[in-house]
Colleague: 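One structure is given below, represented as structure tokens, and several questions about it will come after.
Protein chains get the first letters and strands the later ones, always in sequence-line order, with residue 1 at the start of each.
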Amino acid sequence: MRRLLLFLVLLTSPTVLPKAAPPNPARDSLLTLLGKARTDSARVQLLLDIGKLYYTARESRPWIDKAMALSQRANYPVGIANCLANYNYYLYIEGKYDEVLKNCETAIRIVQPRGVHKTLGVLYNYIGNVYNAKGEQRTALANYLKALNEVSQAVVPPHFPITIEGNIVKLYSDLREFDKALAYGLRVIKRAEKVGAINAAGYNCQRVGSVYVALNQYAKARSYFQKGLNMARQTQDPYLEASLLANLADIFSHYGDVPKALDYYDQSLKLARANQNYEIEMWSLHGLAIEQYHKKNWQTAYDFTQQARQIAEKNQYNEYLTSLYLFLSDIEIGRGRLDEAEQWRDKWEKLRTKIANETVLRATQELETQYQTKQKTAQISALQQQQQIQALSLRQKNILIAGLAGLVVLIGIIGALYYRNTQNKQQLAEQENQINRQTIKQLEQEKQLSAAEGILRGQEEERSRLARDLHDGLGGMLSGIKASLTAMSGNQIIPEESAQSFSRVIDNLETSIQELRRVARNMMPEALVRFGLRDALQDYIDYLNRAGGQPIDYQTFGLSERLPQATEIIVFRIVQELLNNVQKHAGASHTLVQLIRDGERFHLTVEDNGRGFDTARLAQQPGIGWLNIRSRVDYLNGTLMINSAPDKGTTVDIEFML
Amino acid sequence: MKTRILIVDDHPMVIEGIKALLASADHVEVIGTVSDAFSARAFLKTTVADVVLLDINLPDLSGIDLCHKLKADFPALAVLAMSTFKERSYITRMIEQGASGYVLKSVSGAELLEAIEQARAGRLYLSPEVAQVLLSGPAPKPIPLLTSREKEVLICIADGLTNHEIADKLFVSPLTVDSHRKNLLAKFGVKNTAALVKIAVENQLI
């Protein structure tokens with residue numbers, strides 16, 4: 001079943017050294033020891049130990065810095081190398097892989113001739129981690145093996161070799177070298193149990209179980225998964241527990257024990273959701289969907305799969321997503337909805353092609369790296385007569401030949417590796433998810449913006465139509481009526497009183513016409529559409545000046561050409577609103593309206609010498625008018641600057657790019 | 001001979017109104033009414049008119065463009081623009097296109113007759129209101145006015161301060177200062193700060 005191919009991929013591991021206990025009591029005792037230390041080398045080591053107590057780079061770095069300074073002063077090169085190794089922890093978490101590699105290179109040069117095996121082990125482990133994170137599996141493996149070799153020659157805390165071996169197990173099973181993976185896996189479980197590193201043992205039980213699944217030895221797989229589950233519960237690791245529950249559910253499914261499978265998937269799902277382990281949640285949902293599919297409960301299967309698909313799409317588990325698309329297609333076929341099935345198949349096809357293109361690229365890179373690694377390991381094996389490394393280089397040659405011969409098979413493996421790579425990157429860089437979410441939010445905002453744009457445009461078109469109908473149609477007709485009435489009054493002989501009231505009627509009509517025109521002009525001045533912003537504003541300001549009130553000066557620069565109509569309308573409205581404000585509130589004796597176009601930059605200024613206002617209060621309680629202005633300025637992606645103070649007049653500056 | 005008038009307007013009520021206004025006069029005769037530009041040209045090709053009363057807002061072609069075409073085809077024709085619009089932008093454009101006058105639709109009969117008379121005689125007639133619009137416009141200023149921010153920035157520039165120094169002094173961001181500086185250069189049509197300061201000093205702006 002295709003699911004099992006991805007089965008192996010659901011592996012996780014802590015690839016860095018676990019941190020120690022809470023700082024303070026330990027730190028105090030270390031500080032006491034520091035005071036009593038006799039030699040510089042002891043002091044350096046103690047400083048580094050204190051640094052290791054902290055979880056954050058910010059807190060521990062000063063200690064490492066002190067140790068580095070002391071090492072340099074006391075001319076203690078091994079100390080320098082150890083400090084570099086300690087810096088690597090934080091650099092690695094920050095993703096600064098190239099710096100880590102550089103540090104390691106420097107440090108190795110110092111300690112290798114001196115045969116400081118423990119430090120060498122730490123350094124090779126870091127290099128392995130970096131290459132693993134970069135997806136260069138073989139190089140990573142080589143370095144891990146080197147690390148293991150060094151560590152075996154030194155006295156180190158027991159969890160260290162266990163971590164390295166765990167990494168090796170994972171890599172071997174990624175590379176489908178199952179016997180090697182098993183060999184290391186079984187060994188590391190025993191060792192971990194012996195020293196009481198139960199949690200690490202649990203993770204490795206999972207890895208070993210997965211290897212057995214790949215080898216179709218389900219009974220053995222089951223027993224190891226069960227063992228791992230017990231360990232997970234013992235060490236209260238919900239993530240490991242949830243994923244092992246899913247592993248066991250898969251096995252029950254394979255055996256055809258449907259109720260048990262469903263039960264375990266349910267448990268896994270609950271736990272995964274409670275701890276926001278999206279990958280496991282997706283896996284369990286898929287498992288449940290498959291069970292329902294076998295029972296021909298199409299809708300339920302479909303629902304589960306859709307949920308899984310959403311998680312996969314959100315987190316970009318692309319390799320997994322392809323199998324979900326295909327599965328959805330199968331479900332639709334089962335229900336007889338062939339069109340929908342075809343659509344899902346299309347999606348599967350497209351995504352698969354996309355991944356294939358990426359994996360071909362990776363395959364090329366991987367081959368490149370393999371070749372270089374081959375060179376390097378050949379050199380190393382000449383220097384060190386280690387059975388493991390020699391076997392590895394031999395193996396690599398064989399695999400290189402096999403890989404070249406069977407490129408298609410290799411791509412399949414690389415696909416899984418690529419997926420693994422993506423998964424690892426995700427674990428270490430959660431921030432990328434954040435950025436994605438922000439991008440989505442930004443896209444949604446842009447979508448809203450274009451929806452707002454649509455509404456704005458619709459509004460303006462509506463107004464334009466309305467204004468034209470009013471001005472032309474109604475206004476014209478009323479004028480016509482007035483003309484007719486005037487003519488009539490001239491023709492008839494009317495008694496005095498009637499004549500007077502008649503003239504009054506005509507005057508009222510005239511006033512109505514004026515009012516109508518004023519309203520229409522306010523809605524959408526014809527001149528704005530026909531002649532453009534400069535002339536329309538000129539007309540508008542003329543009108544305001546004629547209507548009494550205080551004089552407004554108007555000057556424009558660079559506006560001989562028209563702007564896009566939407567922009568012109570918006571700027572016009574802004575000026576309308578601002579002048580409205582001045583008229584209503586400012587009581588100014590002089591106002592200046594200035595428009596400047598300088599290339600793509602547009603600058604609008606409306607300044608009055610009126611009574612001003614307190615801008616701080618505006619920030620708290622903007623009126624509708626200001627909100628309108630603000631939203632229009634935002635729409636133009638412009639800046640709005642308001643300068644005002646009581647009795648000091650007001651200046652509003654707006655600038656935006658065309 | 002009676003003055004032959006063609007009315008071009010797309011609102012029947014307006015046409016009736018004008019006809020009513022002109023009915024009492026003996027020396028004018030409305031020889032036709034059309035409601036769009038195309039028909040107007042077709043009419044004038046076959047029938048001679050002396051004065052055209054032209055509405056600016058026509059459905060197919062704007063009155064301004066039609067005026068231009070009519071004056072080109074029939075140079076002796078007097079075109080009187082009629083409109084409800086009394087905006088400077090319309091008025092100036094119609095006159096530029098060769099209109100012999102501009103009257104508002106709200107005119108009295110007497111005024112309309114006066115306008116026709118003047119147009120026929122080859123003079124320019126403007127409704128009093130229209131004339132007022134044209135005349136009451138602001139006088140073009142010899143040098144541009146400065147906003148208060150621009151003045152502040154200009155003084156600082158003349159003192160030789162850099163953008164950053166100006167920004168610090170005025171408590172605004174350097175970008176704002178740069179904006180105002182560019183505005184000043186654009187307003188006075190100069191390319192560099194030295195020329196700007198020269199003009200400012202010459203005109204006693206600072």
Colleague: Which answer fits Asp653(A), side chain, backbone, both or neither, if we ask what part of it has an atom under 4.5 Å from a heavy atom of chain B?
Modeller: side chain
Colleague: Going by an N to O cut-off under 4.0 Å, is there a salt bridge joining Lys86(B) and Asp539(A)?
Modeller: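 No, this pair does not count.
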Colleague: What distance do Arg530(A) atom CZ and Ser62(B) atom OG have between them, rounded to the nearest 0.5 Å?
Modeller: 5.0 Å
Colleague: Is Arg597(A) close to chain B through its backbone or its side chain, or both, or neither, when contacts mean heavy atoms under 4.5 Å?
Modeller: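 Neither part.
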Colleague: Would Glu150(B) and Gln594(A) satisfy side chain to side chain donor-acceptor pair (under 3.5 Å), going step by step from the backbone distance to the final call?
Modeller: CA-CA 12 Å; Glu150(B) 285 170 355; Gln594(A) 170 177 279; 2.8 Å; yes
Colleague: What do you reckon, is NE2 of His164(B) surrounded by more than 12 foreign heavy atoms closer than 6.0 Å?
Modeller: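 Counting neighbours around NE2 of His164(B), 12 or fewer heavy atoms of other residues, nucleotides or ligands fall under 6.0 Å, so no.
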Colleague: Atom OG in Ser106(B), atom CD in Glu510(A): separation rounded to 0.5 Å?
Modeller: 5.0 Å
Colleague: Answer yes or no: is there a donor N or O on one side and an acceptor on the other, between the side chain of Gln555(A) and the main chain of Leu145(B), under 3.5 Å?
Modeller: yes
Colleague: Indicate the atoms forming the closest heavy-atom contact of Arg149(B) with Glu607(A), along with that distance.
Modeller: N-OE2, 4.4 Å
Colleague: When rounded to the nearest 0.5 angstrom, what is the spacing between CD in Glu655(A) and NZ in Lys182(B)?
Modeller: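 NZ of Lys182(B) is found 7.0 Å from CD of Glu655(A).
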Colleague: So, taking the atom named CZ in Phe531(A) and the one named CD in Glu87(B), what distance separates them when rounded to the nearest 0.5 Å?
Modeller: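 Going from the CZ atom of Phe531(A) to the CD atom of Glu87(B) covers 9.5 Å.
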Colleague: Roughly how far, to the nearest 0.5 Å, is the OG1 atom of Thr556(A) from the NZ atom of Lys187(B)?
Modeller: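 So the gap between those two atoms works out to 11.0 Å.
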Colleague: For the atom pair CE (Met641(A)) and OG (Ser179(B)), what is the distance rounded to the nearest 0.5 Å?
Modeller: 6.0 Å
Colleague: For Glu561(A), does the CD atom sit with more than 12 other heavy atoms under 6.0 Å from it, leaving out its own atoms?
Modeller: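 Not more than 12 within 6.0 Å, no.
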Colleague: With heavy-atom distances below 4.5 Å as the criterion, would you say the side chains of Arg601(A) and Asn183(B) are in contact?
Modeller: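 Of all side-chain heavy-atom pairs linking Asn183(B) with Arg601(A), at least one is under 4.5 Å.
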Colleague: Can you tell me if CD on Glu117(B) sees more than 12 non-hydrogen neighbours from other groups inside 6.0 Å?
Modeller: no
Colleague: Is the number of heavy atoms from other residues, nucleotides or ligands within 6.0 Å of NZ (Lys71(B)) greater than 12?
Modeller: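 Buried by this count: over 12 neighbours within 6.0 Å.
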